[in-house]
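These notes concern the structure reproduced below.
Just the heavy atoms: all of them, side chains too, but no hydrogens, waters or symmetry mates, feed the values below. Counting starts at 1 for both ligands and their atoms, following the listed order.
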Amino acid sequence: MAQQIRSPRTLEGVITVPGDKSISHRALIFNAMATGKAHLSGLSTGSDVRSTIRCLRLLGTNIETIPGTNRVFIEGRKGCFDESRDILDCGNSGTTMRLMAGLVAGQPILSVLTGDESLRSRPMRRIAKPLEEMGATVIASNDGNLPPLVIKGGCLHGIEYTLPIASAQVKSSILLAGLKAEGPTVLHQPALSRDHTERMFESMGVSVRQEGMDLIVCPGNLHAVDITIPGDISSAAFWLVGAICHPNAEIRLNNVGVNPGRTGILEILERMGANILVTNERCEGGEPVADLIARSGSLDGVEIDGDLIPRVLDELPILALAASFAKGITIVKGAQELRKKESDRITTTVKQLSRLGVLIEERNDGFMIKGSGKLSGGQVSSGGDHRLAMCLGIAGLLSSDQITIEGDDAAVVSYPEFWEHLAVLSKD
Ligand code: S3P
């Protein structure tokens, strides 16, 4: 099946995007490790978070889903999990695999982790190496880099480790293992990445000390907490760009997480001249939350690089689309990590947007776009990557002719309601 999308006369309405995927994974995994029982609400409805639930259940965690809601009750395992009698299938989810690896590395059990074709081609040495240094045995294919991963954990000791890349997944994997290690674990970060793990650990009774760019965690026990998960800014980003680039649009996004590690997209769009109102700012469960209102506007090209990149990495494909509507040139540099995501997002973004007439040039570490303010119709493909599928859906709302998107079902990974929301917002 393919989606056929064309530009509506008006794009307007109020949307609540699904719960934040990063926070949902952590709320489940950390509460599974904890002592006590927790109620989680606003969980991401995407298939990635279902993968995490499936893996935790295989390790003996009791998770009661409440049908027809995005709420669950989860019973903590007090730091000790059962050995799974089956492989832990992480589906398409890099966060599930890397965080679960950190969790099982601290357990005296044997675990085998695998995933779909996309996940099986994503690098795992970045977690295998520090977890091995901590004392776990980690065996991976392709000379120790690719899933499946076989992990025999237990008897860990804290390490001092320099992260080669600013990655929240790698950081969180090591911090999780650090909870079960002997002695402190010290991480040197090259740049800041999203800090949901540090915030949630803190709210669950384990502090992660931050000294400049260093993080220090001591072994400890988490205590279950009820968590209300805010909407995912990475999902909201599609509607922000849709509204700004459509000539007749106003979209309100209620209850969006605005953790500073995630708001690169807001800062960049504002720097480009976008009209986004951030209102009703509040704090829920240790995470900043706000409502966002985006309206039609005009954009100027920008240069994006340096420490901003880890704060906007997941939004770069949709930002490339925004740049095609901006006046002048936009350059994205230092984003080579984008090649290691669910697809090689530099190549896939360039290839698919080129098909729609976007003047985009591939670079090793990013891309360059010359804004033209128009998109042609045509046939494009998500290549199985959820963020590409949704980026191309937004392109359909902005194009002069109909766009046909193959692989539209990939959106289910983070935002199963995306196509329904697109139809609700489109008004003729
Ligand atoms: C995530 C961290 C990011 C992001 C991914 C989710 C997380 O990856 O791209 O979608 O939940 O920790 P890295 O920080 O590993 O690059």
Side-chain angles (χ1 to χ4, degrees), residues 17-30 43-44 46-49 51-52 90-103 115 118-119 122-131 163-176 187 189-201 208 215 227 229-230 232-238 257 259-265 287 307-319 334-346 348-349 365-366 385-391 410-411 413-415:
V17 294
D20 188 277
K21 191 156 74 72
S22 290
I23 301 178
S24 297
H25 287 299
R26 288 163 172 78
L28 286 159
I29 295 172
F30 302 170
L43 273 181
S44 164
S47 58
D48 268 9
V49 167
S51 296
T52 288
C90 304
N92 190 247
S93 177
T95 311
T96 305
M97 181 165 285
R98 296 191 177 116
L99 267 62
M100 290 305 300
L103 178 145
S118 152
L119 186 54
R122 295 181 64 187
M124 293 299 150
R125 184 173 285 118
R126 53 184 63 192
I127 49 143
K129 186 170 177 284
L131 294 176
L163 293 166
I165 40 168
S167 160
Q169 293 178 355
V170 176
K171 167 176 74 178
S172 303
S173 183
I174 302 170
L175 289 175
L176 263 172
L187 294 181
Q189 309 182 80
L192 293 179
S193 60
R194 61 191 71 186
D195 65 354
H196 305 302
T197 295
E198 296 90 306
R199 285 172 189 257
M200 210 177 282
F201 272 19
V208 180
L215 296 175
I227 300 176
I229 293 143
D232 199 323
I233 192 168
S234 298
S235 301
F238 297 106
N259 178 307
R262 305 285 297 281
T263 48
I265 182 70
E287 289 278 348
D307 290 356
L308 198 49
I309 294 292
R311 298 179 53 229
V312 70
L313 204 59
D314 291 343
E315 290 70 65
L316 288 174
I318 191 65
L319 202 68
Q336 53 278 5
E337 265 298 299
L338 211 49
R339 295 196 183 275
K340 306 278 174 15
K341 295 296 174 183
E342 286 83 332
S343 69
D344 174 341
R345 284 193 181 141
I346 295 182
T348 44
T349 303
D365 64 344
D385 183 328
H386 59 126
R387 301 217 190 272
L388 256 294
M390 294 184 276
C391 171
V413 161
S414 57
Y415 194 168

*asked:* Can you tell whether the side chains of D314 and R194 come within less than 4.0 Å, N to carboxylate O?
replied: yes
*For ligand 1, would you mind listing the residues that have at least one heavy atom less than 4.0 Å away, ordered by chain and number?*
S22, R26, T95, S167, A168, Q169, R194, D314, K341
*Salt-bridge criterion met for R262 and E287 (N-O under 4.0 Å)*: no
*Answer with yes or no whether the side chains of S193 and K171 bring together a donor and an acceptor at under 3.5 Å.*
yes
*Tell me, do R26 and R199 make a side-chain contact under 4.5 Å, heavy atoms counted?*
no
_Check D385 with R345, please: is the shortest side-chain N to carboxylate O separation under 4.0 Å?_
yes
*Look up atom CG in D232 and atom CZ in F238, then write down how far apart they are to the nearest 0.5 Å.*
9.0 Å
